[in-house]
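The structure appears right after this line, and notes come after that.
Keep in mind that the numbers below use all heavy atoms, side chains included, and drop hydrogens, waters and symmetry copies.
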Amino acid sequence: MRSPPGAAGAPPSTLAGLVAAGVLDPAEKLIAHAQGRRWTATFNPDEGLDIDGLGHAHSLSEAARMIHGGPTRRNGWKVWRVEREGKLVRLQDLRHEALPSRR
């Protein structure tokens with residue numbers, strides 16, 4: 001069961017939740033590396049991702065499976081990153097930044 005953005009003590013459970021928490025700009029490129037290449041994606045208002053060269057994914061984990069080329073158990077929060085100050089930061093880490101105690 002998903003926690004709504006802003007639930008007490010729970011990190012956002014969607015990309016839209018990260019945007020609402022102010023830790024992700026909806027225009028930021030998401031970045032992942034798989035199969036020897038760098039993949040980029042953009043946030044889509046339906047809470048999915050548009051992956052350059054592959055199409056649409058409805059979740060971060062679906063997007064991770066797509067770039068890895070098939071059925072695999074990948075946590076999309078750990079696969080996808082954004083660039084901050086020249087470093088790639090996992091979306092998982094941004095989720096923790098969005099916790100009420102860290103803001």
Side-chain angles (χ1 to χ4, degrees):
M1 185 163 155
R2 289 186 169 185
S3 300
S13 61
T14 63
L15 285 174
L18 286 184
V19 171
V23 295
L24 179 68
D25 181 325
E28 279 184 277
K29 285 284 188 185
L30 304 181
I31 301 162
H33 291 91
Q35 297 187 29
R37 90 175 253 204
R38 176 183 167 120
W39 298 90
T40 59
T42 52
F43 172 68
N44 188 303
D46 73 358
E47 298 187 30
L49 293 171
D50 290 322
I51 306 166
D52 295 343
L54 282 180
H56 183 77
H58 294 284
S59 71
L60 289 167
S61 294
E62 179 184 5
R65 286 189 297 275
M66 289 171 69
I67 65 170
H68 282 278
T72 181
R73 291 185 159 204
R74 300 281 178 175
N75 180 335
W77 290 102
K78 293 179 180 178
V79 171
W80 291 96
R81 295 160 163 67
V82 292
E83 190 169 338
R84 300 282 168 87
E85 299 177 8
K87 295 181 181 178
L88 293 178
V89 177
R90 294 182 314 165
L91 292 181
Q92 177 71 30
D93 296 332
L94 291 184
R95 286 179 79 197
H96 292 292
E97 281 183 32
L99 286 170
S101 62
R102 301 222 178 180
R103 296 174 74 212

Please report the shortest heavy-atom distance between A57 and I51, naming the atom on each side.
CB-CD1, 4.1 Å
Counting C-beta onward and ignoring hydrogens, is there a side-chain heavy-atom pair between L30 and R81 closer than 4.5 Å?
no
One should read off an interatomic distance between T40 OG1 and D50 CG, to the nearest 0.5 angstrom, of 10.5 Å
Taking only residues two or more places apart in sequence, or in another chain, which ones meet R74 in a side-chain contact (heavy atoms from CB on, under 4.5 Å)?
A64, H68, T72, V79
Taking atom CG of L60 and atom CG of L15, what is their separation to the nearest 0.5 Å?
4.5 Å
pair L94-W80: side-chain heavy atoms closer than 4.5 Å:
no
How many angstroms lie between atom OG1 of T42 and atom CG of L49, to the nearest 0.5 angstrom?
7.5 Å
If you measure from OG on S59 to CE on M66, what distance do you get to the nearest 0.5 Å?
10.0 Å
CG/N75 to CD/Q92 distance, rounded to the nearest 0.5 angstrom?
6.0 Å
Could you check if a side-chain atom of W39 sits within less than 4.5 angstrom of a side-chain atom of L54, using non-hydrogen atoms only?
yes
Residue pair L24 / R84: nearest heavy atoms and the distance that separates them:
CA-NH2, 4.1 Å
Which atom names give the shortest non-hydrogen contact between E62 and H58, and what distance separates them?
OE1-N, 2.7 Å
Are I31 and L91 connected in the hydrophobic side-chain network, where two residues link if heavy atoms are under 4.5 Å apart?
no
Closest heavy-atom pair, V23 versus E28, reported as atoms and distance to 0.1 Å, is O-OE1, 4.5 Å
Report yes if some heavy atom in the side chain of Q35 is under 4.5 Å from a heavy atom in the side chain of I67; otherwise report no.
no
Tell me every residue that passes salt bridge (charged side-chain N to carboxylate O under 4.0 Å, His left out) with D93, counting only those two or more places apart in sequence or in another chain.
R90
To the nearest 0.5 Å, tell me how far S61 OG sits from R73 CZ.
11.0 Å
